[in-house]
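One structure is given here, and the rest of the page talks about it.
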Amino acid sequence: MKAQPHIPALHDATQLSPVARFQRKEDPDWHWLENRDDPEVVAFLEQANQEFSQWSAPLAPLVEALYSGHLARRELAVEGLGTPLDHYTYWSETARDADYPVWWRHPNQVPSRRECVLDLQARASEQTFMELGDIAIAPDEHWLAWTEDTSGDEYFTLFHRALPDGTPRRLLTDIGPELCCAEDNRTLFFTRYDDTQRPDSVWRLDIESGEIACVFRETDPEFWVGVGKTRSREWLVLETASKDTSECHLVPAAHPHVPPRCVRERIKGIEYALEHRPGHFYILHNQDAPHFRLDVADETAPDTWHPLVAHDAQLTLESIDAFAWGLVITERDHREAQVHLSVLDLDAPAPTRRRLPLPEAPCSLMLGDTPDFHTRRLRLHEESFTLPSRWIEHDLDNDARRLLKVQPVYGDLPPERLVCRRVWAEAHDGERIPVSVVARDDLWAQGPMPTLLYGYGAYGEVLDPWFSVARLELLSRGVAFAVAHVRGGGDRGEPWYLAGKLEHKENSFRDFLAARHALVEHGIADGERIAAYGASAGGLLVSASLNLDPTAFCAAVLDVPFVDVLRTMENPDLPLTTAEYSEWGNPSEPEAHRRIRDYSPLDNLVARPYPTLFLQGSWHDSRVPYWEPAKLYARLTEIVAQLPAAERRPIMLRTDMAAGHGGASGRFKAWHDNARQDAFILWALGLAETAAP
């Protein structure tokens with residue numbers, strides 16, 4: 001941990017820090033911060049915000065330079081790709097100075113007759129926060145429904161509008177974001193929450209009569225429900241799932257009043273999902289197949305499954321998309337940690353399975369918005385750390401590829417000047433951990449670089465390479481950006497996820513530290529100038545790693561970090577808690593309680609110097625409550641205050657009082673927030689272009 005530039009005293013003798021001022025000796029753990037109605041909670045957060053503003057004031061010119069540079073590098077006026085449905089083609093446009101998009105449509109083949117479908121920019125004009133949950137268009141395209149959240153707490157309001165020029169009507173409040181239209185042009189399905197904000201039920205709304213009925217309710221507190229429709233448009237699928245078990249129910253899309261029919265009753269530890277082609281269902285499941293296999297069932301007997309694609313020890317089958325001619329299978333190679341798309345043509349005389357080409361490796365590749373069930377021209381989305389997002393049309397009949405759109409990048413660092421490499425770290429137990437690194441091409445031969453290491457490592461989420469215009473501001477200033485693909489994520493398939501959850505969770509933290517050490521051993525990273533970044537469950541990853549080795553990083557950004565793991569998991573009344581038992585464990589079980597206690601960051605703080613920390617929270621966050629980063633800030637500040645002056649590093653907290661888990665909703669504010677983070681990182685790495693705070 002390299003010594004940071006000098007930090008002047010934040011407070012004079014007559015001014016106490018927020019932590020000293022609001023400390024309650026009878027509550028050394030700062031649990032009183034959980035009382036949202038206590039006016040001192042807001043006062044504490046606001047004074048911590050003022051403290052951060054005072055501390056970071058000298059960095060303000062750098063923040064503005066980063067923000068301006070970001071704007072100069074990206075396309076500000078953005079027009080999305082058009083997606084044709086039966087009668088109209090739909091697309092979005094975001095004006096150069098707008099935070100939010102406007103959706104438009106025109107009759108297929110008549111682009112001159114454009115109509116505004118939804119103007120989110122206008123709807124957000126009087127709101128401090130706006131998030132669009134979902135959009136549903138009636139099959140006959142005569143009306144539109146959507147959900148929006150104007151506070152950040154993830155409670156959504158349902159609106160309806162007749163097309164093309166109807167007035168928006170508010171229909172329902174406090175529902176989930178998901179919407180799905182039946183095929184009768186008048187029925188809409190949506191989800192609602194229970195008292196812990198768990199989506200526990202699916203409801204049916206008759207748009208014409210206003211009649212509402214609950215069609216499915218899940219009583220198990222570990223299960224969440226959702227609703228979707230097969231690409232064939234013949235079936236609505238009601239899914240209820242925990243982190244490791246699922247169950248599907250079917251409703252004929254043209255007859256939405258038919259009661260749901262269960263495909264196959266849940267079995268603990270068995271996950272399955274299905275798609276449909278006329279006459280058959282295709283079921284992706286992990287029964288006797290830990291990496292998943294693909295079966296087929298007759299439409300009249302969806303619970304009787306027959307093998308179609310066998311289990312493969314080297315691959316995880318992640319998802320399936322059905323078309324009239326066959327299937328697109330998303331699969332992940334375990335050895336190379338690379339996603340692939342395979343096409344299974346079931347109408348061919350001899351059904352064949354072949355992979356679509358990769359633009360480069362490692363990269364991200366996914367099926368784009370392709371609603372036409374009969375098309376043989378797939379829309380693909382490709383990107384990597386060095387390849388800006390692009391959309392390709394791939395013709396299955398001749399393998400011709402046509403570029404539809406590419407994300408433009410401007411400025412002094414074109415993508416072709418970036419180089420990405422993958423190194424492999426050796427974990428504490430000998431496992432090989434992939435680490436991806438991107439940096440300017442001219443810096444690789446010049447010796448170790450200041451580095452930002454990013455990680456997540458939970459829920460089986462994959463960190464496939466993604467291009468970031470904002471990241472160019474760091475790369476252009478000489479920073480290398482690295483991603484640790486630790487266990488607990490899904491980067492090397494289902495086994496990788498299982499090896500980093502429950503009793504194996506500590507692997508994630510040790511993998512992150514192993515990635516850090518490998519970057520130094522390979523001569524890529526300067527060992528005294530490595531910062532870490534983690535958000536949400538990634539905040540748990542980074543903060544737990546810091547507890548294991550506070551000297552590993554010179555600084556860290558913890559964004560809405562999940563750090564009070566034990567206390568949160570002991571409170572089933574909080575959102576997410578019961579659904580998370582299969583990820584972290586149920587602390588009512590002694591062994592699970594011990595495991596969680598042994599790594600929960602707030603329960604394992606050490607009386608040693610920590611690196612400089614920038615903690616961020618959001619007042620309306622329903623996933624990681626604002627009090628988790630606030631408690632960490634308070635308790636670490638108390639620890640730091642007991643250290644010799646030479647060993648103290650700043651512990652800073654900033655709480656967004658108008659946002660939720662995802663931060664600011666408007667793109668310009670979000671970009672400015674990102675510039676603030678990057679200014680902190682550059683300062684911590686010794687690359688700030690202004691005097692140190």
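What you are looking at is a predicted structure, and each value in this text was computed from that prediction instead of being measured.
- Minimum interatomic distance between D347 and A324 (heavy atoms only, all atoms of both residues): OD2-O, 3.4 Å.
- Annotation: the span from E271 atom CD to H285 atom NE2 amounts to 12.0 Å, rounded to 0.5 Å.
- Distance check: T157 OG1 to D174 CG gives 6.5 Å after rounding to the nearest 0.5 Å.
- Applying the side chain to side chain contact (heavy atoms under 4.5 Å, CB included) test to L341 and every residue at least two apart in sequence or in another chain returns V328, T330, L356, L365, L380.
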What do the steps show when you test S201 against W203 for side-chain hydrogen bond (donor to acceptor under 3.5 Å, both in side chains), and what is the final call?
CA-CA 7 Å; S201 53; W203 295 70; 2.7 Å; yes

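- A cation-pi arrangement is present between R264 and W305, with the terminal nitrogen or guanidinium carbon under 6.0 Å from the aromatic centre and inside a 45° cone about the axis.
- Contact between F129 and G663 at its shortest, heavy atoms only, is CE1-O, 3.4 Å.
- The cationic atom of R105 (NZ for Lys, CZ for Arg) does not lie both less than 6.0 Å from the six-membered ring centre of Y90 and within 45° of the ring axis.
- Cation-pi check for R186 over W143 is not met; the charged atom does not lie both under 6.0 angstrom from the ring centroid and within 45 degrees of its normal.
- Electrostatic pairing of R379 and D372 does not count as a salt bridge here, judged by no charged N lying under 4.0 Å from a carboxylate O.
- Nearest heavy atom pair, residue F668 against residue D99, reads N-OD1, 2.8 Å.
- Each of V296, L346, T300 was checked for a side chain to side chain contact (heavy atoms under 4.5 Å, CB included) with H280, and the lone residue meeting it is V296.
- Here the shortest heavy-atom pairing between C363 and V339 reads O-CG1, 4.0 Å.
- Taking every heavy atom of both residues into account, F156 and G133 meet most closely at CE2-CA, 3.5 Å.
- Partner of H661 under the side chain to side chain donor-acceptor pair (under 3.5 Å) criterion, out of S618, S536, S622: S536 alone.
- Summarising the geometry, atom CG belonging to N185 is positioned 8.0 Å from atom NE2 belonging to H142; distances are rounded to the nearest 0.5 Å.
- Relative to the ring axis of F323, R231 places its NZ or CZ within 45° and under 6.0 Å from the centre.
- Taking the six-membered ring wherever Trp is involved, the centroid distance between the rings of Y193 and Y155 falls below 6.0 Å.
- The line from CZ of F292 to CZ of R332 is 13.0 Å long, rounded to the nearest 0.5 Å.
- Shown are R114, E115, E141; of these, the side chain to side chain contact (heavy atoms under 4.5 Å, CB included) with P164 is made only by E115.
- Between atom CZ of residue R471 and atom NE2 of residue H70 there is a gap of 12.0 Å, rounded to the nearest 0.5 Å.
- In this structure, R266 forms a cation-pi arrangement with F223, its terminal cationic atom sitting closer than 6.0 Å to the ring centre and no more than 45° off the ring axis.
- R492 forms no cation-pi arrangement with Y497, by the criterion of a distance under 6.0 Å to the ring centre and an angle within 45° of the ring axis.
- In this structure, a donor-acceptor pair under 3.5 Å is absent between the side chains of H340 and Q338.
- Aromatic rings of W496 and Y459 (six-membered ring for Trp) have centroids beyond the 6.0 Å cut-off, not under it.
- The line from CH2 of W104 to CD of E79 is 11.0 Å long, rounded to the nearest 0.5 Å.
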